[in-house]
Amino acid sequence: MTKDVNPARTAGGGEDGRGTPVGRRVVLGMLAAGAAGVAAAPFLQSAYDDTLGAAAQKDPTGLSGLLPGGGFRYYSVTGSVPEKTARTYRLTIDGLVRHRTSYRLADLRQLPQTRLVRDVQCVTGWRVPGTPFEGVRLAALLDAAGVRPEAKAVRFTCFDGAYSESLTLEQARRDDVLVALRMQDKPLSHAHGGPVRLYAAPMYFYKSAKWLSGITVTDHVQPGYWENRGYDIDAWVGRSNGRDDAPTT
Ligand SMILES: Nc1nc2c(c(=O)[nH]1)N[C@H]1C(S)=C(S)[C@@H](COP(=O)(O)O)O[C@H]1N2
Ligand SMILES: [Mo]
């Protein structure tokens, strides 16, 4: 088993905010500059790099303390995310399926629910042991949609308008991959990606796309947001380029 740090991760930037001016650094710049900072964010990023770098890596948004159930860090690659309610939320399943489907929250709640209790592991090192997640098996939604024979992968999109993730079809059909409606035995809060997020239990938490709005069945894996920035596509905990022994950032 190797734990090589992918060169792209350190040289090209990563979830821990080093390197390329993307993601959390941009968020930091926007927080520092307010709404007017959106267009100028890449510039502000470098300006704030040195002065706020250390603090940014501890808590890039300053919101961690607001999250219930200590130990979690709030992550969003965008500055703010609209809230969706049971009335406005939709999850669309499309692509290489026989039946394009749109679920409301109530529809998802009526399907059989699976509860898993596993450790949450972020690729930057923090971990939250024994966290219950509950929701519908992704495999059940794929079966209901009728996956076409040429399909190979699944792409996930989010109503934050920026994040995406991917799984192979084989991974997506595992029984420990959920379209999660509950976390820690409560409805998923907005901060944790509610009302619905992906939960890919055996993989680093960046696979678990928050604010899930689209599931598209595809004929090849389309790398997700962090994967385009150097993280492994197959994000098995302990077997990919995440450092599960890394100090908490
Ligand atoms: N839409 C979206 N999903 C996302 C992210 C994000 O920035 N946007 N960050 C990922 C990462 S890196 C982690 S560690 C977890 C954090 O989940 P939390 O905010 O509930 O702790 O969400 C993952 N899913
Ligand atoms: Mo993460």
Side-chain angles (χ1 to χ4, degrees), residues 6 9 13-18 22-28 30-31 56-84 89 91 118-129 131-135 155-167 177-184 186-215 223-233 235-238 240-244 246-249:
N6 183 331
R9 190 163 182 281
E15 197 197 314
D16 53 0
R18 285 191 285 269
V22 292
R24 292 158 68 187
R25 279 298 163 74
V26 173
V27 172
L28 176 66
M30 288 176 356
L31 288 174
Q57 288 184 19
K58 284 211 169 53
D59 184 0
T61 60
L63 295 172
S64 304
L66 302 178
L67 286 180
F72 283 89
R73 310 284 173 94
Y74 174 84
Y75 279 71
S76 175
V77 299
T78 62
S80 71
V81 179
E83 296 213 19
K84 299 267 186 189
Y89 179 76
L91 174 63
R118 303 285 159 81
D119 297 351
V120 162
Q121 177 74 58
C122 172
V123 76
T124 57
W126 57 268
R127 174 201 297 258
V128 184
T131 304
F133 279 88
E134 199 174 321
R155 173 174 160 81
F156 306 93
T157 49
C158 306
F159 62 80
D160 63 10
Y163 205 74
S164 59
E165 254 309 329
S166 68
L167 290 173
V177 176
L178 304 181
V179 167
L181 312 181
R182 297 170 66 80
M183 186 183 119
Q184 296 177 316
K186 295 183 294 272
L188 259 174
S189 65
H190 178 69
H192 282 302
V196 177
R197 81 183 291 171
L198 189 68
Y199 177 56
M203 295 191 174
Y204 285 109
F205 209 27
Y206 66 85
K207 296 303 275 191
S208 295
K210 298 163 69 167
W211 307 299
L212 183 66
S213 58
I215 297 174
Y225 184 93
W226 284 122
E227 292 138 26
N228 281 323
R229 289 156 178 83
Y231 284 86
D232 279 351
I233 294 173
W236 306 107
V237 170
S240 61
N241 65 0
R243 298 165 302 168
D244 59 356
T248 303
T249 50

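Source: prediction; values computed, not measured. Note that the numbering runs from 1 along the sequence shown for the chain. Reckoned from all heavy atoms, side chains included, excluding hydrogens, waters and symmetry mates. Ligands are counted one by one from 1 in listed order, and the atoms in each one are counted from 1 as well.
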Answer with yes or no whether the side chains of Q184 and T131 bring together a donor and an acceptor at under 3.5 Å.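 No donor-acceptor contact under 3.5 Å links the two side chains.
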
Judging by distance only, is a nitrogen or oxygen of [X] under 3.5 angstrom from one on ligand 1?
| X | value |
| --- | --- |
| W211 | no |
| W226 | no |
| V77 | yes |
| R197 | yes |
| Y206 | no |
| Y74 | no |

Is it true that E134 and K186 make a salt bridge, defined as a side-chain N closer than 4.0 Å to a carboxylate O?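 So E134 does not pair with K186 through a salt bridge.
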
Do F133 and V120 make a side-chain contact, defined as non-hydrogen atoms from C-beta onward lying under 4.5 Å apart?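 F133 reaches V120 side chain to side chain.
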
Is any side-chain heavy atom of Y231 closer than 4.5 Å to a side-chain heavy atom of P223?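 Sidechains of P223 and Y231: no contact.
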
Relative to the heavy atoms of [X], which atoms of ligand 1 are at a distance of less than 4.0 Å?
| X | result |
| --- | --- |
| S76 | 6 (C), 7 (O) |
| C122 | 14 (S) |
| D160 | 1 (N), 2 (C), 8 (N) |

If you measure from each non-hydrogen atom of [X] to ligand 1, which part falls under 4.0 Å: side chain, backbone, both or neither?
| X | value |
| --- | --- |
| A162 | neither |
| Y231 | neither |
| F72 | side chain |

Sub-4.0 Å heavy-atom contact, S208 with ligand 1: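 Heavy atoms of S208 do come under 4.0 Å of ligand 1.
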
Would W126 count as a contact residue for ligand 1, given that I'm defining contact as a non-hydrogen atom of the residue lying under 4.0 Å from a ligand atom?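 It does, in that a heavy atom of W126 comes within the 4.0 Å cut-off of ligand 1.
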
How far apart are the closest heavy atoms of F159 and V81, and which atoms are they?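 Taking F159 first and V81 second, the nearest heavy atoms are CE1-CG1, 4.0 Å.
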
Residues Y206, D232; criterion side chain to side chain contact (heavy atoms under 4.5 Å, CB included); working and verdict: CA-CA 10 Å; Y206 66 85; D232 279 351; 4.1 Å; yes

Looking only at atom types and distance, does a side-chain atom of W211 sit under 3.5 Å from a main-chain N or O of P82, one as donor and one as acceptor?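 Checked: no pair found.
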
Do side-chain atoms of R197 reach the backbone of L181 as a donor and acceptor pair under 3.5 angstrom?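 Side chain of R197 to backbone of L181, a donor-acceptor pair under 3.5 Å: no, none is there.
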
Look at the aromatic rings of F72 and F205 and report parallel, tilted or perpendicular, splitting at 30° and 60°.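 Tilted: the ring planes of F72 and F205 meet at 30° to 60°.
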
